[in-house]
Amino acid sequence: MSTPRLEIDLGKIEQNARKLVGWLASRGIGVTGIVKATLGSPAIAQALLRAGVKRLGDSRIENIEELRRAHICAPIILVRSPMLSQVGRVVRSADASFNTELDVIAALSTAARHEARTHGVLLMVELGDLREGVMPKDLLDTVKRMLRLPNIALSGIGTNLACRNGVRPDISNMAELSSLADAIDAAFADSLGGPIRVVSGGNSANLDWAMSDSDPGRIDDLRLGESILLGREPLGRRAIDGLSTDAIRLVAEVIESNRKPSQPWGSVAQGAFGEVPHGPDRGWVRQAILGIGRQDIDPDDIHAPPGIEVRSASSDHLIIECESRHLEVGTEITFELGYSALLRAMTSPHVSRLI
Ligand SMILES: *Cc1c(COP(=O)(O)O)cnc(C)c1O
């Protein structure tokens, strides 16, 4: 079998998603299944839909187009503000998109009219993490202006925390999002024909808040990627009780195995990626090289099996040590992945997938 490869257990992914959907349903919250870390894999998207997610989300239009080519007709939302240069593709393939700029919404309106469609807009609100979002004081005015645009419908509002600055979703910022939803309803109920539907509280980092006793308020949607695929919550990268953390594993192959000194010799400057050798002299060690590198994974974000330690990596070589045994050339080593390693492995053309 070819290496390096990702071994993807669709059953475990579906099971993770089904459990999260069930737990959150008991709190009145639905799930948008985020598939961007899979490069828009139709097989994984189908597993999430079988598990009961309400819709799919992805941040790249190319991935959404891939899902449509695979005849996935579930609602799909683009979870990043569209590029002006892509609005035509966005209204053709996505039912709705996350938005923060009136100029973009106006361009979506024109493109949607051209296609004789209505495009949904979910307005993102800035609540402190300082990534995307309209400032809360500007939200009502933004709604007012967008309601004048033809072929555009307000699908809801949302926020995103914990991604840039690690700001925790908590009782206070979630209550603020709820009260903003109330304010929109109070000001625009007539033109909206009822309360806004989707109030999207955030990503996998919201699970602690969502599963606590606190009142979910108006929040009726979470967008989950990492927790479904890797079974971990992103704030502390703890494994979530009851979920599998090994639904996606990486297999790489030994291409050299030797006993070598643990310390380099010669005049030492910095390595290809700015590394300088450090640590005590551990004498001679059993060193092996795997045929995978920084181009395919984040070496600081992979979890080796017991007895094996990841020491360093260059573009195409991953250096490990295994004290207990000699790893024959050709031996396959299986790793669990963190989010950053998963992203790179999924996007590397050199890593195959076994589903
Ligand atoms: C990637 C992304 C998500 C999913 O985040 P996870 O931590 O993987 O659950 C949710 N919302 C937005 C806007 C995103 O870009």
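In listed order, ligands and their atoms are each counted from 1. Just so you know, residue 1 is the first one in the sequence shown, and it goes up from there.
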Output the list of atoms in ligand 1 that are nearer than 4.0 Å to some heavy atom of [X], sorted by atom number.
X: Leu224; value: 9 (O)
X: Glu132; value: 13 (C)
X: Glu226; value: 6 (P), 8 (O), 9 (O)
X: Asn160; value: 11 (N), 12 (C), 13 (C)

inquiry  = At under 4.0 Å between heavy atoms, is it the side chain or the backbone of Glu233 that contacts ligand 1, or both, or neither?
reply    =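 Near ligand 1, Glu233 shows nothing, with every heavy atom at 4.0 Å or more.
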Honestly, for Lys36 the part within reach of ligand 1 (heavy atoms, under 4.0 Å) is side chain
What protein heavy atom sits nearest [atom], and how far away is it?
atom: atom 5 (O) of ligand 1; result: Asn203 CB, 3.3 Å
atom: atom 11 (N) of ligand 1; result: Arg223 NE, 2.8 Å
atom: atom 9 (O) of ligand 1; result: Ser204 OG, 2.5 Å

When you measure from the side chain of [X] to the backbone N and O of [Y], does any donor-acceptor pair fall under 3.5 Å?
X: Asn151; Y: Thr118; value: no
X: Asn63; Y: Arg60; value: no
X: Asp221; Y: Ile219; value: no
X: Arg294; Y: Ala313; value: yes

Original post:
Touching ligand 1 at all, Arg131? Heavy atoms, strictly under 4.0 Å?
Top reply: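 Right, Arg131 reaches ligand 1.
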What about [X]: any of its N or O atoms under 3.5 Å from an N or O on ligand 1?
X: Ala205; answer: no
X: Ser59; answer: no
X: Ser227; answer: no

Are Arg232 and Tyr339 in a cation-pi setup, meaning NZ or CZ lies under 6.0 angstrom from the ring centre and within 45 degrees of the ring axis? no
For this session: Ignoring hydrogens and angles, state whether a donor on the side chain of Arg223 or Asn160 is under 3.5 Å from an acceptor on the partner side chain.
Result: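 Yes, Asn160 and Arg223 have a side-chain donor paired with an acceptor closer than 3.5 Å.
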- Query: Nearest 0.5 Å, what's the CD1-OG1 distance between Ile248 and Thr38?
  - Reply: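 OG1 of Thr38 is found 7.5 Å from CD1 of Ile248.
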Tell me whether the count of non-hydrogen atoms from other residues, nucleotides or ligands lying under 6.0 Å of CD1 in Ile171 goes above 12.
no
Are the side chains of Leu67 and Val35 in touch, meaning some heavy atoms are under 4.5 Å apart?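 Yes, close enough: below the 4.5 Å cut-off.
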